[in-house]
*Asks:* 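Encoded as structure tokens, here's the structure I'll be asking about.
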Amino acid sequence: MEKGKQLYEGKAKKVFATSDDTLCIVSYKDDATAFNGEKKGTILGKGVINNRLTNRLMRLLEAEGVPTHLVEELGERETLVKRVTIVPLEVIVRNIAAGSFSKRFGVAEGLVFQSPTIEFSYKNDELGDPLMNDYHALALNLASVDEIALIKNYAFKVNDILKTFLLEHDIELVDFKLEFGRLSDGTIVLADEISPDTCRFWDVNTHEKLDKDRFRRDLGGVEDAYNEVMRRLLGDTI
Ligand code: UDP
């Protein structure tokens, strides 16, 4: 499948058209941003790692019955995916308090929840991705009642599957962000990426951070952490 014209460039990925208008090609960059684009940098090799990790995790989810946009890995940084229109909601599932949750509710990072939580943010950079509940999403016609119910179902199922898989590799799944898309017939599928950019991964024994918090908080060892996740999950490093 040949890369056609660039349709979109985001903070971490570019999207290209193909000769088939139901498919497009995602290309992962090494560019890193945080705090709504205020902090910028490069994480060497991140594009390769996030491409391969996302595809591994999406293949697992597909096998367990969660539909995704994944079609085929084309190269180190490039993957063929089904073309979707993104539902403008960032769907965040949490097992352990961290980041904005700890700040908002005044609880220590590391508090393990009785049961997982879910929240939505409105995917809108100009507004800084404000927190939003189901009724806000409905009022703004971002998704239907049925779509919201399905998205929540999928999100918790993704959590169960990933939590188990990651634990087998000594990684604790603290929280993560998902994005969903609609195919042309309206079918909801998981889209975007699942990577150390979009998840918090902690070492199960030491609780060492193995994710983008190392970049956000200037903890050092950013590339090493991404590589360590890849080594544990794919048995490989770059
Ligand atoms: N997240 C993301 N993109 C965003 C916001 C959050 O991928 O625009 C991920 C983040 O990496 C973490 C989870 O969602 O795994 C929860 O993030 P949180 O709300 O704590 O925000 P943060 O502290 O990262 O600003």
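Whatever order the structure lists them in is the order used to number ligands and atoms, beginning at 1.
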*Asks:* How are the rings of Phe180 and Tyr154 set to each other: parallel, tilted or perpendicular (split at 30° and 60°)?
*Replies:* parallel
*Asks:* For residues 96-103, please give each side-chain donor-acceptor pair under 3.5 Å, one per line with the distance, not counting sequence neighbours.
*Replies:*
{"residue": "Ser100", "atom": "OG", "partner": "Arg94", "partner atom": "NH2", "Å": "3.1"}
{"residue": "Ser102", "atom": "OG", "partner": "Ala98", "partner atom": "N", "Å": "3.2"}
{"residue": "Ser102", "atom": "OG", "partner": "Val107", "partner atom": "O", "Å": "3.1"}

*Asks:* If you measure from the Lys or Arg side-chain nitrogens to the Asp or Glu carboxylate oxygens, is any gap between Asp224 and Arg214 under 4.0 Å?
*Replies:* no
*Asks:* Hey, could you give me each pair passing ring pair (Phe, Tyr, Trp, His ring centres under 6.0 Å) that has a residue in residues 33-86? Not counting sequence neighbours.
*Replies:* none
*Asks:* Going by side chain to side chain donor-acceptor pair (under 3.5 Å), name the residues that satisfy it together with Glu72, two or more places apart in sequence or in a different chain.
*Replies:* none
*Asks:* Write down, by chain and number, every protein residue that brings a non-hydrogen atom to less than 4.0 Å from an atom of ligand 1.
*Replies:* Glu90, Ile92, Arg94, Ala98, Gly99, Ser100, Asp129, Asp175, Phe176, Lys177, Asp197, Thr198, Cys199, Arg200, Arg216
*Asks:* Do Leu233 and Leu178 share a hydrophobic cluster (ILVMFWY, side-chain heavy atoms under 4.5 Å, transitive)?
*Replies:* yes
